[in-house]
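For reference, the structure discussed in these notes is given below.
In what follows, every chain begins at residue 1, and chains take the letters A, B, ... in the order their sequences are listed.
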Amino acid sequence: MSYDHKAIEAKWQDRWESEGVFHTTEDSTRPKFYNVAMYPYPSGELHIGHVRNYTYIDLITRYKMMQGFNVLSPMGWDSFGLPAENLAIETGIHPKVSVEAQITRMKEHFRKLGAAFDWSREVASHDPAYYRWDQWLFLELYDRGLAYKATAPVNWCPKDQTVLANEQVVDGACERCGTLVEKRNLAQWFFKITDYADRLLDDLDELDDWPDRVRTMQRNWIGRSAGARFRIPIKDLAASFEVFTTRPDTIFGMTFCVLAPEHPLVEELISGTEHEVEAREYIVRAARESEIERLAEGEKTGVFTGRFAINPVNGKEVPIFIADYVLMGYGTGAIMAVPGQDQRDWDFAVKYELDIVRTVDAGPDWYGEAFLGEGPTINSGFLDGLDREGAKERIIAWLEEQGIGEGAIQYRLRDWLISRQRYWGCPIPMVECPECGLVPVPRDRLPVTLPEVEDYAPKGRSPLAAVEDWVATTCPRCGGAASRETDTMDTFVDSSWYYFRYTDPHNDDAIFDRAKAEYWMPLDQYIGGVEHAILHLLYARFVTKFLFDIGLSPVTEPFMRMFTQGMLVKDGAKMSKSKGNVVPPDRYYQEYGADALRLFELFVGPPTDDAVWNDSGVPGTKRFLDRVWKMGTATHSFVERDPNDDDAVLMAETHRVLKRVTEDINRFHFNTTVSSLMSLANVFQEYLGRSPVEKTFDEAYRVMILMLAPAAPHVAHELWEMRGMGSMLANEPWPEWDESLVAESTVTMVVQVNGKVRDRVDVPADITAEEAERVALDLDKVRGWIDGAVVRKVIARPPTVINFVLG
RNA sequence: GCCGGAGUGGCGGAACGGCAGACGCGAUGGAUUCAAAAUCCAUUGUCCGCAAGGGCGUGUGGGUUCGAGUCCCACCUCCGGCACCA
């Protein structure tokens, strides 16, 4: 017997909306809970991979509401970005038109899912009322020297006349047309996130409710390392170059140097040498490769410049190479190579037959290649005998005395390049005046709105640059003719602060009101894909700290508790529109209903793991819901009798499951939450098959419905109302378990001999070790294994296990 | 390559260092049905055995432990991120 999921789900979706059940306002009398799922790019179709994520956030919203929290769970749209722009280039449809149509569709999907969002706080990053605050944020950063312009290389497709994202570069060629990609230097805007590197790193220690893997990834991404920076002179040239190393203690082991192909000194080094032609060819090849390809190269490649550097500590002349495993973007773009202590240098030295000098004593048992371990310094003149730290200190002091270097901290983190040569993004609110230079647009003239364009296709410059009457403006400072900045901002800027805007989404006077942020911030729960573990989370943390510094944000960290969920995989690939393997949820809504789909999404696997989509699972969860429905609506042949063991078993199981479900939700083990509920339904079936008492059933069933409410809200609400327990289940309190019912009086003890299970026996839960041993030795099977042998040791862990170790 | 994860039945998965495979899917057999669907019941890691029972089994190889899917070391495979997809 199936319930009418279509009618029931539509009914409750209407009631939640019309009664404003999830509409939230500040309420100082109740504890708040601010619950956010990363706002999505409005790709139009919500597929079952999205459904999984939003089911999690929805379950938490409903659960926390039942626990008495004032829950805020808003939703919005990361609606700027490349996909809508690409669609516009292909079809001429304005991104605003396509994106807003998709938002409408996605909202309908969310409704069909039964999602408990507070839609009164909806934001969309392409809305001028939103992005004017991106621009405001930019100006605040600019005023404090944290937004600056500098040149940086971009991937450039000479045929398409456009800048390419790294992911659009495949094997050094444009993904679309196959033309070899070039590097071009453009003047672009940066945010100075490196100024916050130490705080971003140190504050990770406070984020105890973040997954360790995310914190580790962030730490490694920031990559703080202490070492030294010093200059190395070049033989026969009045020039030198600077290197950074984390291992200045190994300086005596430097047997060659390597410069990045883009290093500014390269030209001077190679010109006129007999290696010039070869070196130039190498540089051109390297320029075509992406950073990842350069680092991924199995074998290190490089080319000799024909020049030698002079090791400042011992005057030794060492060859200078150009190699693409050294990046211009990290450190100084030049390294001292110490093959004895660095594996990449070792590989390179072996390949090009360069000297290897060990400066750390690896001990007699070491037969490996580069030695990274600890040991006394050797072959190093005045550093000999010192340990790593001692040698580091000594050599840094020496470099400082000589005036050629100093101790230095190096970060792997680079400043945040926010310029995009795109149309569909937030315009950067700057003006370039021939008289005054770069001038910010005054705040009272924000937003600088995106102009209409006739053609979205790139023509060698940002699409905005083609809109001449938009570009032409007057200088806010001198009033003369000036031109607007034509780049737009990285969409990560939009997403770095939207959770602040939710707290005060309609404010026209400020990005948000501090008092409102004080009530809601920080987020009590943030959920999103692990693919955002580094960039988005780091940028959001940076912007929060900046907003704190200017007195707006009440917190220095935005996300108290972070949860990163896995992806949904189908046919061996992440479910995504571009892979063409998306499964839309509509047919599940039709055939089985949103509750069955939600339940299966929860059940499909651990939320942190990737899950493989299996079509046949949803009927299973629907069967379960049908069984629960049938139990609650069919007439049972209840009997009048005194309470017996059957009643006790039902109540005990109900409370045990209640405890388990509560704990599992708290730990985000939603898959086992569902299995526990399924097991409980099986216990109900058994109970009803015996001689059920109505009062016992009603009491247990009531708890069952309450537990079902966050996961399968529609059917739970309907049952709740039908059975006359109240009119709006969402507002009912979450039940508490009775510890005395949960406790087990007897437990099955496992009896092992030499660690192998040989028998099991039911024992009282409070059995002592001595008694346990006596009971176990009484078992025929156990005696059979022990007889004739000496029991050397008994490991008793009553009441669950006892192990006899034979001698 | 670097950083971070994950490998358990036919499938998704469960398992505070203590009964490996809960729960579900699928499959097989049965009940019900004129028949089917739906529903209900039973079986379902693997090998040996009539059975009782026993052997083996959590990617591979080692180690720690009375006891390892779980902890440690090495390796293999797959996935995510690598700064202009979001």
Side-chain angles (χ1 to χ4, degrees), chain A residues 1-2 38 40-41 43 78 80-83 86 154-155 163-169 188 211-214 216-221 223 290-298 300 325 329 344 412-422 490-492 495 528-536 538-539 564 566-567 569 572-574 576 578 600 603-606 608-621 623-624 626-627 630 669 671-672 674-679 682 685 748-752 754-757 759-760 781 792-795 797 800-806:
Chain A
M1 196 210 312
S2 307
M38 288 178 186
Y41 179 80
S43 56
D78 188 12
F80 271 140
L82 208 46
N86 285 339
V154 294
N155 300 309
V163 174
L164 298 175
N166 277 345
E167 73 154 20
Q168 297 172 307
V169 180
Q188 306 190 73
D212 284 337
R213 61 171 168 165
V214 175
T216 306
M217 280 192 262
Q218 293 229 338
R219 263 185 211 111
N220 292 337
W221 186 259
S290 76
E291 218 168 81
I292 295 170
E293 287 166 330
R294 281 171 55 166
L295 295 169
E297 192 103 3
K300 306 282 171 281
Y325 78 95
R344 283 176 307 177
R412 217 188 65 94
L413 180 69
R414 315 205 283 248
D415 276 339
W416 178 8
L417 198 174
I418 62 137
S419 290
R420 299 292 181 268
Q421 294 70 41
R422 310 274 183 206
D490 180 5
T491 57
F492 274 127
S495 60
V530 68
E531 67 272 21
H532 294 291
I534 295 175
L535 292 179
H536 163 62
L538 196 67
Y539 294 148
T564 49
M567 300 172 312
V569 173
K574 168 185 176 164
S576 77
S578 57
F600 182 66
F603 187 56
V604 73
T608 43
D609 291 4
D610 290 350
V612 178
W613 185 253
N614 177 358
D615 261 339
S616 55
V618 184
T621 48
R623 261 200 288 278
F624 161 71
D626 281 336
R627 278 211 301 275
K630 196 168 146 190
H669 288 199
N671 53 331
T672 50
V674 178
S675 13
S676 298
L677 291 172
M678 286 174 165
S679 301
N682 295 343
Q685 295 270 72
T748 302
M749 182 172 72
V750 170
V751 184
Q752 299 177 336
N754 282 339
K756 285 191 190 298
V757 179
D759 207 354
R760 305 176 172 88
K781 276 193 200 163
R792 191 160 56 84
K793 206 168 169 187
V794 181
I795 314 273
R797 294 282 179 277
T800 51
V801 68
I802 186 162
N803 185 15
F804 295 95
V805 185
L806 306 185

If you check every side-chain atom of [X], which of [options] has the closest atom?
| X | options | answer |
| --- | --- | --- |
| A/Glu531 | B/A86, B/G5, B/C85 | B/A86 |
| A/Lys756 | B/A83, B/G55, B/G13 | B/G55 |
| A/Arg760 | B/C19, B/C84, B/C66 | B/C19 |

Separation of the [atom1] atoms in [N] and [M], to the nearest angstrom:
| N | M | atom1 | answer |
| --- | --- | --- | --- |
| B/G24 | B/G62 | P | 38 Å |
| B/A31 | B/A36 | C1' | 15 Å |
| B/G69 | B/A6 | C1' | 13 Å |
| B/C72 | B/G80 | C1' | 26 Å |

Problem set entry | Most 5' of A/Val805 and A/Asp212 on RNA chain B, judged by nearest nucleotide |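 Checking each residue's closest nucleotide, the 5'-ward one belongs to A/Asp212.
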Problem set entry | A/Ser676 side chain near A/Met678 side chain, heavy-atom distance below 4.5 Å |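 Answer no - side chains too far apart.
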Distances under 3.5 Å between protein N/O atoms and the N/O atoms of nucleotides 24-28 of chain B, please, pair by pair.
unit_1 : atom_1 : unit_2   : atom_2 : d
B/G24  : OP1    : A/Asn682 : ND2    : 3.3
B/C25  : OP1    : A/Arg623 : NE     : 3.0
B/C25  : OP1    : A/Arg623 : NH2    : 2.7
B/C25  : O2'    : A/Ser616 : OG     : 2.5
B/G26  : OP2    : A/Arg623 : NH2    : 3.4

For this session: Sequence neighbours left out, what passes side chain to side chain donor-acceptor pair (under 3.5 Å) with A/Asn803? Give chain and number order.
Result: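 So A/Asn803 forms no side chain to side chain donor-acceptor pair (under 3.5 Å) with any residue.
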Problem set entry | Whole angstrom value for the distance that separates C1' of B/G81 from CE of A/Met217 |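 So the CE-C1' distance, A/Met217 to B/G81, works out to 7 Å.
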Exercise. Starting at CZ of A/Phe492 and ending at P of B/G81, how long is that distance when rounded to a whole Å?
Worked result: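 Checked: the CZ to P distance equals 11 Å.
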N or O in side chain of [X] less than 4.0 angstrom from [N] OP1/OP2:
| X | N | answer |
| --- | --- | --- |
| A/Ser675 | B/A14 | no |
| A/Arg420 | B/C84 | yes |
| A/Asn220 | B/G4 | yes |

Problem set entry | Nearest-0.5 Å distance that lies between atom OG1 in A/Thr491 and atom CG in A/Asp78 |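 Reported to 0.5 Å precision, the distance equals 5.5 Å.
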For this session: Could you tell me whether B/G9 is syn or anti, where syn means a glycosidic angle within 90 degrees of zero?
Result: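 Syn, angle within 90° of zero.
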